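Each remark here refers to the structure printed beneath this line.
Below, each value reflects all heavy atoms present in this structure, side chains not excepted, and no hydrogens, waters or symmetry copies. Nothing fancy with the numbering, it's 1 onward along the sequence. The structure presented is a predicted model; accordingly, all values stated were derived computationally and were not measured.
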Amino acid sequence: PVFILHPLVQSSLMRPQEAQIAGECGVRLVSIERPGIGLSTLHPAGDYVSFARDLAAVADALGIDRFAILGWASGAPYALTAASILGHRVTRLALVTPRLGFRSDLEPTTQARRFFGGLRRHPWLFEAVFSIMRAKRSRRFFRPMIRNFLENSEPDRLLFENDRELLDCLTDSLVEAIDATHKGIVAELNFYSRDVPPETSRIVQPIIVWYGAEDEMNSAEDVRRMLEGVPVEEFHVAKGQGHMVLFGRFRDILARLINDGH
């Protein structure tokens with residue numbers, strides 16, 4: 001079993017393509033939403049630790065004793081804390097293009113950096129922005145926004161050109177995330193903007209990091225700096241991949257996550 005933790009402003013929605021790859025790798029893939037996202041109940045005071053307990057409760061309900069975790073982008077701090085809190089229940093941890101905060105030191109060179117940088121400086125805007133977005137939610141409204149936000153390099157552009165269903169899925173994921181309420185995303189963004197460090201002191205699992213060599217949202221040095229003090233066992237720089245390396249190397253990431261190296 002592998003629990004995959006989605007980034008901010010996304011839901012647990014995944015495509016049949018990734019589910020098929022997971023099955024071929026021998027993985028039972030469980031995509032879990034955080035409080036207030038999609039149909040999940042809002043927890044206004046939720047944090048990394050409370051989600052780790054939620055994750056354990058879901059695993060218990062599914063009859064899963066031990067499992068691996070894949071933390072994607074801003075799902076990384078939730079994954080790190082869950083691994084630390086749950087100890088040996090977590091067999092291995094993979095972080096893909098991890099983000100542990102809004103990174104106020106980054107230059108606003110991309111639309112993503114300008115958007116999150118502006119919201120970070122003015123967090124009162126979270127409620128207004130996502131209230132409007134929920135009122136306007138539709139694939140037509142969100143699709144160009146998602147593409148402009150995530151297309152940070154030539155490999156990302158080519159990925160979206162060659163796999164049009166991926167952009168549709170990411171768009172539908174945002175629609176689904178705020179369909180019932182935008183309050184969960186707002187609460188999560190408010191918490192995330194405070195740059196609360198994840199709990200990492202009790203991590204005992206091997207940590208594998210994947211990063212796209214042509215990711216222009218964060219450099220490899222940015223990622224290593226964010227993970228300073230975290231016991232990373234492997235740091236894979238995927239050539240010819242950008243910020244969307246999760247989808248370009250999904251099979252490789254899952255295979256390495258469940259391979260014990262022997």
query: Is any side-chain heavy atom of Arg139 closer than 4.5 Å to a side-chain heavy atom of Val175?
result: no
task: Nearest 0.5 Å please: distance from the CE atom of Met145 over to the CZ atom of Arg140.
output: 13.5 Å
statement: Result for side-chain contact (heavy atoms from CB on, under 4.5 Å) between Leu80 and one of Ile69, Leu5, Ile207, Ile85 points to Ile207
task: Salt-bridge test for Asp60 and Arg89: reply yes if a basic N is under 4.0 Å from a carboxylate O, no otherwise.
output: yes
- prompt: Between the side chains of Thr200 and Ser84, does any donor sit under 3.5 Å from an acceptor?
  reply: no
Shortest non-hydrogen contact between Val90 and Ala83, atoms and distance: CG2-CA, 4.0 Å
- prompt: What closest approach, in Å, do Gly38 and Ala180 show between heavy atoms, and which atom pair accounts for it?
  reply: O-CB, 3.5 Å
message: Among Asp168, Thr171, Asn148, exactly one meets side chain to side chain donor-acceptor pair (under 3.5 Å) together with Arg143. Which residue is that?
response: Asp168
message: The criterion is salt bridge (charged side-chain N to carboxylate O under 4.0 Å, His left out); which residues satisfy it with Arg164, sequence neighbours excluded?
response: Glu161
message: With a 6.0 Å cut-off (strictly less than), is the heavy-atom count around CG of Leu39, excluding the residue itself, greater than 12?
response: no
- prompt: Measuring from Gln241:CD to Thr97:OG1, what's the distance to the nearest 0.5 Å?
  reply: 11.0 Å
message: Using every non-hydrogen atom in the two residues, find where Pro231 and Ile203 come nearest and quote the distance to one decimal.
response: CG-CG2, 4.0 Å
Reference residue Phe247; test ring pair (Phe, Tyr, Trp, His ring centres under 6.0 Å); the match among Trp72, Trp210, Phe160: Trp72
- prompt: Are Glu154 and Arg157 close enough for a salt bridge, meaning some N to O gap below 4.0 Å?
  reply: yes
field: Spacing of Met133 atom CE and Ile178 atom CD1 [to the nearest 0.5 Å]
entry: 5.5 Å
- prompt: So, His182 and Glu127: side-chain donor and acceptor under 3.5 Å apart, yes or no?
  reply: yes
message: Restricting to non-hydrogen atoms, name the atom on Pro35 and the atom on Phe51 that form the minimum distance, rounded to 0.1 Å.
response: CD-CD1, 4.3 Å
message: Once rounded to the nearest 0.5 Å, what's the spacing between atom CZ of Phe235 and atom CZ of Arg224?
response: 4.5 Å
- prompt: Does the distance from a Lys or Arg side-chain N to an Asp or Glu carboxylate O, for Arg194 and Asp47, drop under 4.0 Å?
  reply: no
- line: Between His6 and Ile32 the two heavy atoms that sit nearest each other are CD2-O, 3.5 Å
Arg134 (side chain) donor-acceptor with Asp179 (main chain) under 3.5 angstrom: yes
- prompt: For atom CZ of Arg53, is the number of surrounding heavy atoms from other residues, nucleotides or ligands below 6.0 Å larger than 12?
  reply: no
- prompt: Is there a side-chain contact between His236 and Val245 (heavy atoms, below 4.5 Å)?
  reply: no
message: For Phe126 versus Val186, what's the shortest heavy-atom pair and its separation?
response: O-CG2, 3.7 Å
query: Is it the case that Asp156 and Ser153 place a side-chain donor and acceptor less than 3.5 Å from each other?
result: yes
query: Any donor and acceptor pair, going by atom type alone, linking the side chain of Arg66 with main-chain N or O of His88 inside 3.5 Å?
result: yes
- request: Check the angle between the aromatic planes of Tyr48 and Tyr78 and answer parallel, tilted or perpendicular using the 30° and 60° thresholds.
  value: perpendicular
task: Give, for atom CG of Leu8 and atom CG of Leu174, the distance between the pair rounded to the nearest 0.5 Å.
output: 11.5 Å
message: So does Ala177 get a backbone contact from the side chain of Arg137, meaning a donor-acceptor N/O pair under 3.5 Å?
response: no
